[in-house]
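One structure below.
Basis for what follows: all heavy atoms, side chains included, without hydrogens, waters or symmetry-related copies.
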Amino acid sequence: MKPLFLSFIIQIFFLNLLSAQQATINIVNQERNSSYRGLSVVDDETVWVSGSNGTVGLSTDAGKNWQWVNPIGYEKIDFRDIEAFDENEALIISAGSPAIILSTQDGGRSWKEVFSDKRPEIFYDGFAFTSKGVGIAFGDAINGKMPLLKSIDFGKSWKDISANMHFTIADGEAGFAASGTSIYCDNNGTYWIATGGTAANIYSSKDQGDTWQRYSCPMIQGKNSTGPFSVAFYTSKTGIVVGGDYKDDKNKDKNSLLTNDGGKTWFAPQTAPAGFKSAVIYLSKKQLICTGTSGTDRSNDGGKNWTPIGKESFNAVQKAKKGQAVFLAGDKGKIAKLVL
């Protein structure tokens, strides 16, 4: 058995080494001094980004050229998440107070405020939408209650559904608005929300936010800088969370976990990603990409083993909803295309 096992390990090593050599990260734009955390890739040509200084960008030629379509009057707002449905229709949500959601129907030439919450404690972390336009946004708890919003019309209007979440959120437990991916949904209307800080949990709803379950997540936790920062699912059962400690971003202890039962239980990969990660995506059942300030990593075996493919810092990574293109976004105005 030992020679066979050794052969298997060697095979995995060389497969991952080959994949790392074949992957390249090409910067396509770095003209603005903004930190991008919102990223939405509609198809192989249409890419939207959002971030600090009220910045919103749109490319319709795979990142070669960009239109800066910043909403007027919101220059100091940090738009941490963006959801685009095509080259004309998109939504952006702010982090911090006031909480604002803006909608455009004309490629960013004009924006309409479709939601606002001016409470000083309010802080939304992101939103996620099904292909049929059902979306949920979540925020950090206020007095133990998680703020939840729901839209059924592609974000044109919103309803407060916070009362549907019956769990009390612990002091210091919160979401992370690091990439807009601490909430995820599939097209069947199942949603997952990852929280960290003093306690790490996964909140899941199988009925578009009407009822919720809570599952413990054994990722590194206990400080306001620790926990799961991003969640993704390939099927309703098969999923992953990544994160770690953004104040100790070289530490890869308990920074990635996998589930085969929809998030009820989690287990560690054989080889963890290198350091802190703020976003993860499935390219296929076997192939995944995650990124963070510690760099970008790739897995070719469903998240069990990871290999670094780039050391440069990024905040977000997304694959085209209709296509194969993969883009990354980060601080100092960095937007990149991942070539596999």
Side-chain angles (χ1 to χ4, degrees), residues 25-32 34-71 77-87 89-95 101-102 104 107-108 124-129 135 137 155 175-185 229-232 242 277-283 288-293 295-297 310 312-340:
I25 298 172
N26 300 325
I27 300 292
V28 296
N29 191 277
Q30 198 168 0
E31 62 186 281
R32 295 204 164 217
S34 293
S35 176
Y36 301 129
R37 295 183 182 274
L39 175 63
S40 188
V41 187
V42 178
D43 53 42
D44 289 345
E45 302 294 320
T46 309
V47 187
W48 293 75
V49 296
S50 67
S52 61
N53 306 318
T55 304
V56 183
L58 166 63
S59 174
T60 56
D61 57 6
K64 298 182 184 69
N65 296 283
W66 289 84
Q67 307 167 50
W68 302 106
V69 293
N70 304 359
I77 300 296
D78 191 354
F79 292 110
R80 293 285 186 97
D81 198 5
I82 185 167
E83 183 79 29
F85 305 106
D86 54 36
E87 65 182 63
E89 189 174 355
L91 298 161
I92 47 178
I93 186 169
S94 66
I101 300 177
L102 301 180
T104 182
Y124 275 90
D125 296 288
F127 47 24
F129 278 79
F176 291 106
S179 63
T181 57
S182 53
I183 180 171
Y184 182 89
C185 72
F229 281 67
S230 180
V231 57
V242 300
K277 304 299 178 189
S278 55
V280 63
I281 57 170
Y282 281 90
L283 300 183
L288 295 87
I289 301 290
C290 65
T291 198
T293 56
T296 302
D297 291 43
E312 194 164 9
S313 168
F314 288 96
N315 297 322
V317 59
Q318 287 289 348
K319 175 183 177 291
K321 299 175 185 177
K322 303 173 183 176
Q324 301 300 317
V326 178
F327 285 84
L328 303 102
D331 60 356
K332 300 178 181 177
K334 286 184 298 188
I335 307 169
K337 186 173 185 180
L338 177 61
V339 180
L340 300 170

Check [X] against [Y] and note the closest heavy-atom contact, atom names and distance.
X    : Y    : result
S182 : F176 : OG-O, 3.0 Å
A177 : Y124 : CB-O, 4.3 Å
I93  : G126 : CG2-CA, 4.5 Å

Pairwise distance [atom1]([X]) to [atom2]([Y]) - rounded to 0.5 angstrom:
X    : Y    : atom1 : atom2 : result
I289 : I25  : CD1   : CD1   : 8.0 Å
I77  : L102 : CD1   : CG    : 8.5 Å
L58  : T46  : CG    : OG1   : 7.0 Å
L328 : T296 : CG    : OG1   : 5.0 Å

For this session: Would you please test T104 and V69 for side-chain contact (heavy atoms from CB on, under 4.5 Å) and show each step?
Result: CA-CA 10 Å; T104 182; V69 293; over 6 Å; no
What residue pairs, at least two apart or across chains, pass salt bridge (Lys or Arg N to Asp or Glu O under 4.0 Å) with a residue in [range]?
range            : result
residues 329-339 : E312-K334, D331-K334
residues 314-324 : E83-K321
residues 37-56   : none

Exercise. Side chain to side chain donor-acceptor pair (under 3.5 Å): which pairs involve residues 48-57, sequence neighbours left out?
Worked result: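 Sorted result for residues 48-57: S34-N53, S34-T55.
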Exercise. Is it true that a side-chain atom of D81 and a backbone atom of G38 form a donor plus acceptor pair closer than 3.5 Å?
Worked result: no
Problem set entry | Any donor-acceptor N/O pair, R80 side chain to A95 backbone, under 3.5 Å |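 No, because the side chain of R80 does not come within donor-acceptor range (under 3.5 Å) of the backbone of A95.
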Any heavy-atom pair between the side chains of [Y] and [X] that's under 4.5 Å?
X    : Y    : result
R32  : N70  : yes
S59  : V28  : no
I183 : D125 : no

Only counting residues at least two apart or in another chain, list the ones meeting side-chain contact (heavy atoms from CB on, under 4.5 Å) with [X].
X    : answer
E89  : F85, D86, Q105, F154, K156
N65  : D61
N29  : E31, W66, W68, I335
A279 : S179, T181, S230, T291, V317

Exercise. Mind checking what makes side chain to side chain donor-acceptor pair (under 3.5 Å) contact with D297, not counting sequence neighbours?
Worked result: K277
Exercise. Is there a side-chain contact (heavy atoms from CB on, under 4.5 Å) between V326 and V41 once you walk through the steps?
Worked result: CA-CA 8 Å; V326 178; V41 187; over 6 Å; no
For this session: Not counting sequence neighbours, which residues clear ring pair (Phe, Tyr, Trp, His ring centres under 6.0 Å) with F327? List them please.
Result: none
Problem set entry | From CA spacing to verdict: side-chain contact (heavy atoms from CB on, under 4.5 Å), I101, L91 | CA-CA 7 Å; I101 300 177; L91 298 161; 4.3 Å; yes
